[in-house]
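First comes the structure, then the notes that go with it.
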There are 2 protein chains.
Amino acid sequence: MPTQLPSIVDVAKKAGVSVATASRVMSSSTYPVSGTAREKVLSAARELKYVPNSLARSLKIQRSKLIAVLVGDNADPYFAQVARGVEEVANAHGYLTIMCNTGRDPMRELSYLQTLQDYRADGIIFSSSGLSEIDYPEQVQIDELVEKIQERGAAIVTLSPHSIKAPSIQSDNIGGAYELTAYLISLGHRRIAFVTGPDKVAVSEQRQQGYTRALTEAGIPLSPELIIPGNFTQAGGESAASILVQLPTEQRPSAVFACNDETAFGLMNGLRQHGWRLPEDISICGFGDIPMARMVTPSLTTVSISLRQLGQAGAQKVLSLLQNKQQEPEPTTEILPAMLIKRNSTIPYSSHAN
Amino acid sequence: MPTQLPSIVDVAKKAGVSVATASRVMSSSTYPVSGTAREKVLSAARELKYVPNSLARSLKIQRSKLIAVLVGDNADPYFAQVARGVEEVANAHGYLTIMCNTGRDPMRELSYLQTLQDYRADGIIFSSSGLSEIDYPEQVQIDELVEKIQERGAAIVTLSPHSIKAPSIQSDNIGGAYELTAYLISLGHRRIAFVTGPDKVAVSEQRQQGYTRALTEAGIPLSPELIIPGNFTQAGGESAASILVQLPTEQRPSAVFACNDETAFGLMNGLRQHGWRLPEDISICGFGDIPMARMVTPSLTTVSISLRQLGQAGAQKVLSLLQNKQQEPEPTTEILPAMLIKRNSTIPYSSHAN
DNA sequence: TTGTAGGCGTTATCAA
DNA sequence: TTGATAACGCCTACAA
């Protein structure tokens, strides 16, 4: 049966001091307290096994010490890394991390936002991919709520292009994709396919943008039939593979740029099932450099965007916003560098067996 | 600049009723309230954009609606799946999920437990692997704290063998490992290596137990040189590979049972780097069936223990314990079935190229 | 059916 | 330095 925990009143009583003094020593405030009083309180607390009630404390000081990270799915390696980064710095600063899976569903995103407002979360980090077009009703409610949350003094940060007005930290999707594509071109590839992410997801569009720019700068015409729809999943990569193999021989690409690593894995698997050899028959690359990328065979050429660091930076930003919350947060965007990781899934055009 | 949110007092005032009535309708209690009063409160709340303060509410009703999941590392696919399961049912029941990475460090585990006690978390789910031997000082503090947490009325559940006294839900590690090993034997393998998990981690020991039993029952003598240390990581698998290739030819196994999938991936990679072909030269299998297992080449034979379901069951258990917290929670252990997943990384002994 | 008032556990203000 | 005491926002006897 549940038993009550001692409160600070009990501690004060036992120590023979007022609650005020007891509170002052327990909350490690800078307020002066005599050495003897401090000792008495401390030992009383120890004997009683006193545990401060953070809920009461939060209620009083108007700070919950709660940071939430909104992700599409925490089991997705992309989000998992980001969440890990968030948790690391949050924990290091005495904050608890609340994990919110939105499943990329605006409805659930809204619902979580509401709950987080209820709990007076100090910080909210949007990692779930922002959409480039927004006209559905939930979105306007979200925008409204976000504003209210900010007015309350909570800090909001986005980690991808997002319609909401908040400071943002992002990976260099465009630059990374550009560099990757340029690398393929430097290997002699001219027909390079691109497997997209889900429809209207901003990071996917950014990566495509980098791809397009590299091609254009190299004077290579864009071939619409080489833009293949994907959805960031392995299954999506597999179906992209079956589209690829059905292309007439003269339209076939010699390299494919998958919008993320998972898609690349699905692609590799699908192509193999159709009898293609990798990388002999086609070069493949991904984006994200999730841990598995270096483990598959052939190891995957990709772009590292240090997701964990992204999460860390996001949490840092939240903390710094919380420091000086008198100022309005300016919706600036900070870009974290991306790095090309050359591995074995891409080979020179001339080495291909065709 | 931060602005105050309206409280229920404001709502009551605006609606022209008492706070009691306002509270009754906002907290959707069963207490009778007239239709007109209800309407007035509702519309006042809407106009004021009232947001109930969960902190205050929790403080009052002595329930935080917070569930924590302690994992080794949320980016590890194993824990990620578990956490996902927890979040799903927690969210469905109006609970927030707190993510705690312990890094398998008892010190951090203790520290998180303390914080969770501070926040009066309603439920705590231990997913971080329990150790089979416990004599270090942190552990005794943990046991003590766990007891206090339970006395408070919070629910604690473990998802692996654990020294702490709490209800537990576990995958059938022994049975799964037994079945897997028996399968290898049925394929004609006699020399089967086992790559362990980290030292003294209980689930690793359980899997080894299943392995040993299957071998013994088949009358196959155990070969100490075939027990190779690992640590649940790909790097561990890679170093296991280099040990393996150094074995004198006559001692070489024809199959390897890696204690988890990640180890198996590292193993595959390492063996390949030494020029071995898979599965022609050696059969490999893992344990866990993480999503990547079916994507690698060759696809990995493994044991599925539906981690997500494990997380769900854990959260369910917490909720049911919370329901009737008058009773002392009996430290029962529920076992979730494991399922053998046959794929292409294992082939009959006779098909091997030796 | 409604309202008053006390208390959940802290912190902070203000006197002493 | 210390100590009453009033909040923080909510719920819930208890009375009316």
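In the text below, chain A, chain B and the rest are named by the order of the sequence lines, each starting its count at 1.
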Nearest heavy-atom neighbours spanning [X] and [Y]:
X        : Y        : answer
A/Lys165 : A/Gln150 : O-NE2, 3.0 Å
B/Leu116 : B/Arg152 : O-NH1, 4.2 Å
A/Ser58  : A/Ser64  : OG-CA, 3.4 Å
B/Asp122 : B/Arg63  : OD1-CA, 3.6 Å
B/Ile67  : B/Ala90  : CD1-CB, 4.3 Å

- prompt: Are any of B/Gln62's side-chain N or O atoms less than 4.0 Å away from OP1 or OP2 of D/dC11?
  reply: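 B/Gln62 to D/dC11 OP1/OP2: no side-chain N or O under 4.0 Å.
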field: Contact under 4.0 Å: A/Ser34 side-chain N or O vs D/dT2 OP1/OP2
entry: yes
Nucleotide [N], atom [atom2] - distance to [atom1] of [X] in whole Å:
X        : N      : atom1 : atom2 : answer
A/Leu5   : C/dT10 : CG    : C1'   : 14 Å
B/Asp118 : C/dG9  : CG    : P     : 14 Å
B/Arg63  : C/dC8  : CZ    : P     : 18 Å
A/Asn53  : D/dC8  : CG    : P     : 18 Å
A/Asp10  : C/dC8  : CG    : P     : 10 Å
A/Leu55  : D/dG9  : CG    : P     : 14 Å
B/Leu59  : D/dC10 : CG    : P     : 12 Å
B/Lys65  : D/dC10 : NZ    : C1'   : 16 Å

- request: From the options C/dT4, D/dT2, D/dG9, select the nucleotide whose nearest atom is closest to the side chain of B/Ser18.
  value: C/dT4
- request: Sugar-phosphate means primed atoms, P, OP1 and OP2; the rest is base. With that split, encode nucleotides 11-16 of chain C 5' to 3' as B, S or - using protein heavy atoms under 4.0 Å.
  value: BBBB--
message: Less than 4.5 Å apart, side chain to side chain, heavy atoms only: is that true for B/Ile98 and B/Tyr119?
response: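 Heavy-atom side-chain distance check fails, nothing below 4.5 Å.
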message: Under 4.0 Å, heavy atoms only, any strand: does A/Val51 hit a base, just the sugar-phosphate, or nothing?
response: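 Sugar-phosphate contact only - A/Val51 comes under 4.0 Å of backbone atoms but never of a base.
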query: Which residue lies toward the 5' end of DNA chain D, B/Val9 or A/Thr21, if each is placed at its nearest nucleotide?
result: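 Closest to the 5' end, via its nearest nucleotide, is A/Thr21.
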- request: Report the distance from atom CG of B/Asn53 to atom CD of A/Gln117, rounding to the nearest 0.5 Å.
  value: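 It is 9.5 Å, given to the nearest 0.5 Å.
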